[in-house]
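In what follows, every heavy atom counts, from backbone to side chain, and hydrogens, waters and symmetry copies are set aside.
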Amino acid sequence: MFTRIAALALGAAVLTGAAGCGSTGTDTMTPEATALTALGYQTEDLVPAANPSASPDATGRAHPRARRLALRRALRGNVEHGEVVVKTKDGEKTVDIQRGTVTAINATTVTVRSADGFTLTWTFGHPIHVIEHRTSVQPSNVTVGEEIGVAGTKNGSTPTAQLILIPKAK
């Protein structure tokens with residue numbers, strides 16, 4: 001039952017993020033980035049500091065819509081992995097997301113194991129965006145044993161990583 005609720009909430013969070021109005025900084029994010037914000041990652045962490053459209057306001061806080069923020073709070077730290085179908089300007093897109101520990105990595109793939117034991121091997125997309133502490137880095141910066149968030153499209157049964165987030169250590 002909880003997985004159904006989590007999946008529905010995750011879908012709502014992604015759809016809410018993808019369909020939001022106003023200039024919040026999330027309007028220009030990809031569906032993958034929006035999906036990672038639904039996992040509780042901060043918008044500021046997903047956007048390299050060089051992107052002025054994603055800068056926080058004068059108080060240092062981003063401007064998320066109240067309903068998006070409430071959904072993110074409800075999901076933060078609780079969702080380990082999921083799949084949603086998002087409507088985009090180019091049609092429907094299946095987006096997979098996962099939070100977990102890197103168990104293997106090479107030049108073309110990364111394998112991630114979530115806390116519940118779910119393991120998935122992601123193929124790197126072209127381009128692949130890897131963000132560590134608000135800085136764009138190379139996939140080679142990802143190491144075995146590191147906690148990451150990953151999001152990307154799914155074509156058939158193969159997930160393709162479009163975005164990897166290496167959050168600050170807690």
Any side-chain heavy atom of [X] within less than 4.5 Å of one from [Y]?
X    : Y    : value
Q138 : V130 : no
T111 : T119 : yes
I105 : T143 : no
I128 : H126 : no

| task | Give the C-alpha distance, both sets of side-chain angles, the deciding distance and a yes or no for side chain to side chain contact (heavy atoms under 4.5 Å, CB included) between I166 and V142. | result | CA-CA 8 Å; I166 306 169; V142 179; 3.8 Å; yes
How long is the gap from [atom1] on [X] to [atom2] on [Y], to the nearest 0.5 Å?
X    : Y    : atom1 : atom2 : value
I148 : L163 : CD1   : CG    : 10.0 Å
R99  : I97  : CZ    : CD1   : 8.5 Å
W122 : I164 : CH2   : CD1   : 9.0 Å

Short side-chain to backbone donor-acceptor contact, [X] and [Y], under 3.5 Å:
X    : Y    : value
T88  : D90  : yes
Q98  : V112 : yes
T101 : E147 : no

Minimum heavy-atom distance between [X] and [Y], given as atom pair plus value:
X    : Y    : result
S157 : P159 : O-CD, 3.3 Å
N141 : E146 : O-OE1, 3.6 Å
S114 : E80  : OG-O, 3.5 Å
V144 : A104 : CG2-CA, 4.1 Å

| query | Between V86 and E92, is a side chain to side chain contact (heavy atoms under 4.5 Å, CB included) present by the stated rule, with each step listed? | reply | CA-CA 6 Å; V86 184; E92 291 182 348; over 6 Å; no
| K154: which of D96, V85, T160 passes side-chain contact (heavy atoms from CB on, under 4.5 Å) |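 Single pass found, and it is D96.
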| said: If we count only N and O atoms by modelled type, under 3.5 Å, do the side chains of E83 and T94 hold a donor and an acceptor together? | reply: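 Side chains of E83 and T94: no pair found under 3.5 Å.
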| request: Verify the distance criterion only: is there a donor paired with an acceptor across the side chains of T109 and N106 at less than 3.5 Å? | output: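 Their side chains do contain a donor-acceptor pair, which is all the 3.5 Å distance test asks for.
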